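Scroll down for the structure; my scribbles are underneath it.
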Amino acid sequence: MTDTQPANRPIRVRMAPSPTGPLHIGTARTSLYNYLFARHAGGTYVLRIEDTDTARSTVEYERDIIDNLHWLGITWDEGPQVAGGEDVGPYGPYRQSQRLELYAREAQRLLDSGHAYHCWCSPEELEAVRREQEANREAPRYNGRCLRLTDAERAQFEREGRRPAIRLRVPPELIRFDDLIRGEVEFDNSLLGDFVIVRANGVPLYHFVVVVDDEAMQITHVIRGEDHLSNTPKHIALMRALGYAEPRFGHIPLILNPDRSKMSKRRSQTAITAYREQGYLPEAMVNFLAFLGWSPGTEEEIFSLDQLAERFEIGDVHKGGAVFDADRLNYLNGVYIRNLTDQQLALRLRPFLPAVLDDASVLRVVPLIKERLVRLADAPELVAFLWETDAQVAALYDAELLLPRNRSAAEVAEAVARARDELGALDEADFAADVLEDRCRRAADDMGWKAGDFFRPLRVAVTGRTISPPLFGSMELLGRERVLARLETAIGVLAAAGARTA
RNA sequence: GCCCCCAUCGUCUAGAGGCCUAGGACGCCACCCUUUCAAGGUGGAGAUCACCGGUUCGAAUCCGGUUGGGGGCACCA
């Protein structure tokens with residue numbers, strides 16, 4: 001691999017989310033790669049909140065981003081540790097909304113040195129120029145009108161009280177850089193227009209503030225999504241104009257929708273919170289995200305965050321985009337769930353199960369559902385029969401549901417009655433899964449029934465469903481009294497159905 | 001339209017000139033196990049390595065072109 005370390009500078013990377021929406025899958029993965037890179041190299045990891053777009057930025061989103069980053073297990077050395085909280089680190093403040101004087105100072109410096117100039121063009125004028133360029137099949141870029149203004153024209157605009165934006169004067173030069181992931185990349189900046197760095201209302205723009213902050217925070221490696229690859233020449237032009245050191249850049253592939261377009265809210269579920277709420281484990285999420293565009297080069301696929309940090313090499317990151325494969329995430333989540341101890345799983349399951357189920361019951365439920373869970377939020381449906389009332393369960397009965405193939409309602413009623421008698425003969429202390437199973441198997445055998453056929457109506461009677469956790473474990477958890485009551489109700493339903501068809 | 005990036009099974013990927021009649025995983029299909037559903041086990045289908053030309057004794061791997069896909073071209077980030 002190529003040398004990734006600029007000379008004489010300790011490695012510092014950053015993630016710079018914009019609190020204009022909840023933490024996005026793509027941002028999470030970029031944050032993860034930055035984190036892994038920093039950890040692997042022993043560098044410093046900085047979180048900077050890019051909230052210059054005051055109209056769209058909110059504290060709620062900042063909270064969502066920070067909370068979910070923490071949830072994933074990603075930690076940073078500098079930056080706000082808590083949403084709305086105080087900064088940690090010597091290069092603060094770490095919220096761009098609090099760094100406005102710096103940007104103003106640097107913008108003035110560019111103005112003074114002639115690298116930037118005021119632009120009075122109105123949105124309408126710019127739009128007209130753009131349309132004309134499109135009609136002439138030219139590249140849509142600023143025509144440099146305000147660069148050629150006479151002093152009189154300038155004075156006139158100022159008299160009119162029009163507020164100017166500030167544009168960078170982009171030199172027509174070839175920009176070349178050695179991307180950590182893509183290698184040599186070359187752009188022709190003569191194709192770029194003079195872009196705006198500070199809006200007319202005085203608010204500095206993204207391309208400008210990233211560059212200023214990366215320098216101010218001594219960032220050595222800028223690892224970000226491929227969508228920024230084409231923006232890099234702008235950033236380099238800015239750095240040169242400001243006399244900054246150029247960091248190394250690494251552009252990671254995009255995460256794609258199934259149709260291979262850039263992953264979007266429209267086509268996919270993109271908010272990390274949504275996955276969290278459905279009961280995806282952060283460990284599974286991290287493992288999954290890490291492999292979207294990177295692999296250790298072996299056939300191992302289960303990695304903890306620490307193991308990932310140990311193995312991660314930025315040069316091994318792929319160049320091509322990766323489709324977000326929900327099936328694979330589900331599979332991985334299941335693996336992580338099954339790898340948890342019962343106690344650990346009970347703890348994680350707690351928030352997903354209703355309070356009527358006490359902690360001890362949650363722990364007892366775990367062995368019954370562990371192998372059946374894809375997401376934690378799937379748990380309630382699996383064991384709802386435990387807290388549903390007998391009446392609620394009975395409402396789910398349907399004679400059809402209770403009937404195995406080729407058995408009449410009368411026959412089934414008889415079988416269920418037999419089970420009720422067998423189980424009713426047991427006292428509370430003997431009402432355990434192995435005993436229940438033994439009794440029922442014998443009864444089935446005795447009546448000449450296949451065990452499976454005999455169990456089906458019992459399952460429906462007890463859980464209200466044809467699909468359930470193991471029958472006898474479920475019965476044990478439900479308890480003698482309620483099991484017998486439900487069997488009784490089912491017998492009634494079957495008898496009525498039998499009478500109708502007879 | 002212009003610029004840039006990318007290209008191995010449906011998907012995530014292994015592969016850095018001969019070990020590849022291309023490996024693994026997910027998904028899919030069988031079968032086994034089995035009280036349902038899962039989990040687990042075994043096996044299978046699935047990629048002429050986008051295409052065309054080179055270079056080479058030899059190319060998925062190197063070079064060029066073509067095609068296809070994606071991204072960027074804002075007083076959003």
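It should be emphasised that the depicted structure is a prediction, and the values quoted were computed from it without experimental measurement. Per chain, numbering begins at 1; letters A, B, ... match sequence-line order.
- When only modelled atom types and interatomic distance are considered, Asn231(A) and Tyr206(A) share no side-chain donor-acceptor pair under 3.5 Å.
- For Asp227(A), whose side chain is taken as the heavy atoms from C-beta onward, the closest listed nucleotide among C26(B), U36(B), G71(B) is G71(B).
- Geometric assessment of Arg145(A) against the ring of Tyr142(A) yields a negative cation-pi assignment under the 6.0 Å and 45° thresholds.
- Taking 3.5 Å as the limit, the base of G70(B) and the side chain of Ser261(A) contain no donor-acceptor pair of atoms between them.
- The line from CG of Asp213(A) to CG of Leu102(A) is 6.5 Å long, rounded to the nearest 0.5 Å.
- Contact annotation: side chain of Arg372(A) to base of C37(B), donor-acceptor pair present below 3.5 Å.
- Of the nucleotides present, none pairs with C76(B) by Watson-Crick or G-U wobble criteria with both distances under 3.5 Å.
- Checked against side chain to side chain donor-acceptor pair (under 3.5 Å), Arg199(A) has no partners two or more places apart in sequence or in another chain.
- Of the candidates C4(B), G27(B), C75(B), G27(B) carries the atom nearest the Asp327(A) side chain, counting heavy atoms from C-beta on.
- Heavy atoms of Pro123(A) sit nowhere under 4.0 angstrom from any nucleic acid atom.
- Heavy-atom distances under 4.0 Å link RNA chain B to Val196(A), Arg199(A), Ala200(A) of residues 195-202 of chain A, given in residue order.
- Nucleotide U35(B) has no partner under the Watson-Crick or G-U criteria, as no pair reaches both atom distances under 3.5 Å.
- Of the possible donor and acceptor atoms, one in the side chain of Asn287(A) sits under 3.5 Å from a partner among the backbone N and O of Glu301(A).
- Taking 3.5 Å as the limit, the base of U36(B) and the side chain of Arg456(A) contain no donor-acceptor pair of atoms between them.
- Using the Watson-Crick or G-U wobble rule with both distances under 3.5 Å, A25(B) pairs with U11(B).
- The partner of U48(B) is absent, by the rule that a Watson-Crick or G-U pair needs both atom distances under 3.5 Å.
- When the side-chain nitrogen and oxygen atoms of Thr466(A) are compared with OP1 and OP2 of C37(B), none of them lie within a distance under 4.0 Å.
- Contact annotation: Lys262(A) reaches the phosphate of G72(B) (side-chain N/O to OP1 or OP2, under 4.0 Å).
- Within the shown strands, U42(B) is the pairing partner of A30(B) under the Watson-Crick or G-U definition, both distances less than 3.5 Å.
- Nearest-nucleotide positions on RNA chain B place Val185(A) closer to the 5' end than the other of Arg328(A) and Val185(A).
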